[in-house]
Every structure is written in structure tokens, then in C-alpha cells.
There are 2 protein chains.
Amino acid sequence: MCQDVGNHHKGSCRCAGMQMGRFMQPCLLLLLHRQSTHGYELMQNLEEFGFASSEIDPGTIYRHLRKMEEEGLVRSRWDTEQGGPAKRLYEITAEGEEILHAWAVTITFNKQRLERFLEKYQSQFQKTIKK
Amino acid sequence: MCQDVGNHHKGSCRCAGMQMGRFMQPCLLLLLHRQSTHGYELMQNLEEFGFASSEIDPGTIYRHLRKMEEEGLVRSRWDTEQGGPAKRLYEITAEGEEILHAWAVTITFNKQRLERFLEKYQSQFQKTIKK
DNA sequence: CCCCCATATATGTAAAATGCCTATATAGAA
DNA sequence: TTCTATATAGGCATTTTACATATATGGGGG
């Protein structure tokens with residue numbers, strides 16, 4: 001998937017794939033670049049990226065965050081100062097920002113892919129419908 | 001993923017997900033709607049949809065085709081008349097065409113998602129870069 | 001004739017991702 | 001007290017993915 005741009009490729013490439021599941025990662029990174037915050041709030045803010053509340057599973061969000069932390073894209077610390085259950089505050093790392101830029105390239109490429117598909121689809125079916 | 005349009009939803013929904021792997025399916029269906037043919041040729045024609053030859057794995061193509069046949073989206077028969085190894089000729093079914101239309105809706109939706117992301121990305125980083 | 005190559009289809013398998021469910025804890029409101 | 005919202009986390013069955021390998025046909029070169 002990883003459009004062979006740059007030097008990161010299939011298999012182990014972290015911006016590889018274009019599952020909408022993985023698409024959650026760049027969204028989280030973009031939100032964190034905007035402002036450091038915790039998982040629960042990120043979860044709510046994901047809706048602005050077109051994620052339906054039904055498809056936002058807390059388990060999935062937290063797993064993405066922990067995984068990104070393992071990979072060094074984000075960093076976290078506990079915040080117990082504000083009452084209520086403890087929050088794990090996340091912030092993006094320099095490496096995370098780098099990957100975010102790589103994602104932007106991948107996403108641009110994939111957007112074009114979808115556009116190309118839709119063009120072909122439309123021209124193929126307008127013909128059929130006319131006849 | 002399955003944008004909650006219409007009545008097909010998560011989990012068992014066949015147009016769910018937006019992995020580029022799954023994106024191969026609507027591409028195959030569109031090619032087959034254009035012309036019935038066999039897997040090996042489909043594999044080569046996938047390049048026009050932006051699949052790099054490196055990421056086109058024969059095993060994956062054939063498995064997609066068999067899976068779509070199980071689901072009733074395509075139908076196949078052996079062609080041994082033309083010399084060389086036997087070919088499995090595929091054609092799209094009525095149900096397959098239906099699903100192709102559903103895919104077009106999903107893909108339109110996801111394209112918009114990617115666009116929205118890129119807009120946000122650009123506006124966020126133009127600011128940062130300026131400063 | 002034999003070997004290599006392009007054509008053509010298919011399976012095995014380990015690793016990763018996904019969806020869905022459940023567990024845990026805090027604290028305010030009813 | 002009980003219910004609800006906030007907040008994080010783990011279990012687990014199924015699906016997907018990447019990659020490697022197996023099998024067969026037939027043409028061309030040596």
C-alpha cells in the first residue's frame with residue numbers, strides 16, 4: 001500500500017495499509033499535534049474525522065495509543081490531579097510527527113486511488129444506464 | 001466503516017472496512033463488469049487502479065476471487081479450450097453488481113473522509129511552518 | 001530431449017488487526 | 001444506595017495480510 005514513496009515499505013512499514021482502522025492512527029496523531037490530551041477525549045474528537053460513534057470502540061482506541069507508544073510515536077504520563085479516574089495524558093513525539101507527515105503522503109495517494117476508481121465506475125455505468 | 005448508509009452494517013457487512021486489501025474487491029468487480037476474464041489477467045489489470053506490481057500477490061487475488069464466488073458475487077467455469085494451463089473464467093453476477101454499487105457509495109464516503117483529514121492536516125501545519 | 005520460463009491456479013502458515021465483550025475504578029447525581 | 005458518566009484496560013475468536021511454496025501446461029533454446 002505504502003505507495004513506494006520514500007524508503008518505507010510493506011510488512012513492517014508503519015504507514016502501510018489503508019484500513020480505516022489504521023486510518024485512526026494518523027487522526028490520533030493529528031489531534032495530539034493540535035493538543036496533548038487523554039484517550040477518552042481523543043475518542044470523542046475522532047468523530048470530526050468521520051468515525052461514527054458506533055464504530056469507535058474504547059478498547060481499540062486505547063490499544064492504538066499503547067501501540068503507538070511502544071513505537072515511540074507518542075509518550076504518556078498519568079494525571080491524577082484533577083479528580084475522577086486517573087487519566088493517561090498523551091503527547092506526540094518528534095518521531096510521531098514525522099510519521100504523521102508520511103501518513104499525509106500515503107493518504108493523498110490513496111485519495112487519488114479512490115478518485116480514479118470512482119471515475120472509472122461512473123464512466124462505466126453511465127454507459128450501461130443510457131442504453 | 002460502513003458509513004451507516006442503507007441497511008448494511010459492521011461485522012458481517014461485505015462492503016465494510018476500508019483496507020486497501022478489500023479495495024481490491026470492488027476493483028475486481030469493476031473489471032469483471034467490463035469484461036469476463038480469468039484471474040491471471042485480472043491480476044495484471046489491477047495496476048490501472050494504482051496497485052503496484054510488488055503488492056499484487058497471486059495468492060491474494062485468487063483467494064479474493066474464490067471468496068467472492070462463495071458469496072455469490074462472481075461465478076466461474078473452467079476453460080481448457082485454449083491450450084496452456086486451464087483458466088478459470090470469472091463473470092460478475094447480479095448480486096455482484098449490486099455490491100459494486102454499494103462499494104461505490106462506501107468509497108465516495110471514504111474519499112471524503114480522506115479529504116477532510118488532509119484539509120485539517122494542511123491548515124494545522126501551514127500555521128506551524130510559518131511561525 | 002531437457003531445462004527454463006511464462007502462464008495459470010492454489011494452499012500453508014505465522015503474524016497482525018478487528019470486533020465485541022467484559023472488568024476495573026472514581027465520583028457526582030438522583 | 002444505585003445509577004450514570006468518566007477513564008482505562010484485557011480477553012478472545014475471527015479475519016486479514018504477507019510471504020512462501022506447490023502444481024501443472026506448453027513454448028523456446030541449447
Side-chain angles (χ1 to χ4, degrees), chain A residues 1-2 4 8-26 28 36-46 51-71 74 76-90, chain B residues 1-2 4 8-25 28 37-46 51-71 74 76-90:
Chain A
M1 310 294 129
C2 193
D4 288 349
H8 43 280
H9 298 288
K10 43 181 179 171
S12 62
C13 170
R14 279 174 297 183
C15 78
M18 182 58 230
Q19 306 124 298
M20 277 315 205
R22 286 217 175 165
F23 178 61
M24 200 174 274
Q25 279 195 25
L28 291 171
S36 294
T37 182
H38 59 280
Y40 195 83
E41 194 171 291
L42 286 166
M43 191 171 75
Q44 296 171 318
N45 291 335
L46 272 182
F51 288 95
S53 53
S54 65
E55 68 182 313
I56 300 181
D57 173 57
T60 305
I61 309 291
Y62 293 118
R63 260 197 293 246
H64 273 296
L65 289 168
R66 303 309 291 271
K67 181 131 190 279
M68 289 197 289
E69 187 158 26
E70 268 175 50
E71 290 169 351
V74 299
S76 76
R77 64 181 190 278
W78 284 106
D79 172 18
T80 48
E81 318 245 306
Q82 300 176 55
K87 299 170 187 186
R88 192 185 279 278
L89 280 181
Y90 283 96
Chain B
M1 309 295 130
C2 190
D4 287 350
H8 43 280
H9 298 288
K10 44 183 179 171
S12 61
C13 171
R14 280 174 295 182
C15 78
M18 181 58 229
Q19 306 123 299
M20 277 316 204
R22 285 219 176 163
F23 178 60
M24 200 174 274
Q25 278 195 24
L28 292 170
T37 183
H38 59 281
Y40 195 83
E41 195 172 290
L42 286 165
M43 192 171 74
Q44 295 172 318
N45 291 335
L46 272 181
F51 288 95
S53 53
S54 65
E55 68 181 314
I56 299 181
D57 172 55
T60 305
I61 309 291
Y62 292 119
R63 261 200 283 251
H64 272 298
L65 288 168
R66 303 308 292 272
K67 182 132 189 280
M68 289 197 287
E69 186 159 25
E70 268 176 50
E71 291 170 350
V74 299
S76 77
R77 64 179 189 280
W78 284 106
D79 172 18
T80 49
E81 320 244 307
Q82 299 176 56
K87 301 170 185 184
R88 192 185 279 279
L89 280 181
Y90 283 95

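Letters A, B, ... are given to chains in the order of the sequence lines, protein chains preceding strands, and every chain is numbered from 1.
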* Structure fact -> Testing C:dA8, C:dC21, D:dT8 for proximity to the side chain of A:Y40, the answer is D:dT8
* To do: Would you mind reading off the distance between A:R88 atom CZ and C:dA25 atom P, rounded to a whole angstrom?
  => 16 Å
* Asked: Using rotation axes that map the C1' atoms of four end pairs onto the next four (five pairs an end), what angle separates the end axes of the helix from C:dC1-D:dG30 to C:dA30-D:dT1, to 10°?
  -> 10°
* Confirm from the modelled atom types if A:R63 and C:dG19 form a donor-acceptor pair under 3.5 Å, side chain to base only. => yes
* Structure fact -> With sequence neighbours left out, the residues meeting side-chain contact (heavy atoms from CB on, under 4.5 Å) with B:P58 are B:M43, B:Y62
* Asked: Can you find a pair of side-chain heavy atoms, one from A:Y90 and one from A:L65, that are under 4.5 Å apart?
  -> yes
* Asked: Contact class for B:G39 (heavy atom, under 4.0 Å): base, sugar-phosphate, or nothing?
  -> sugar-phosphate
* Taking the nucleotide of DNA chain D with the closest heavy atom to each, which residue, A:D57 or A:K87, is nearer the 5' end? -> A:K87
* Asked: To the nearest Å, how far apart are A:E71 CD and C:dA17 C1'?
  -> 13 Å
* Does a side-chain N-to-carboxylate-O contact under 4.0 Å join A:E71 and A:K67? -> yes
* To do: With the side chain counted from C-beta on, respond yes when B:Y40 and B:K87 share a heavy-atom pair under 4.5 Å apart, and no when they do not.
  => no
* **Closest to side chain of B:P85, choosing from D:dT8, D:dT25, C:dT26** => D:dT25
* Asked: When the distance from NE2 of A:H38 to P of D:dA9 is rounded to whole Å, what number comes out?
  -> 12 Å
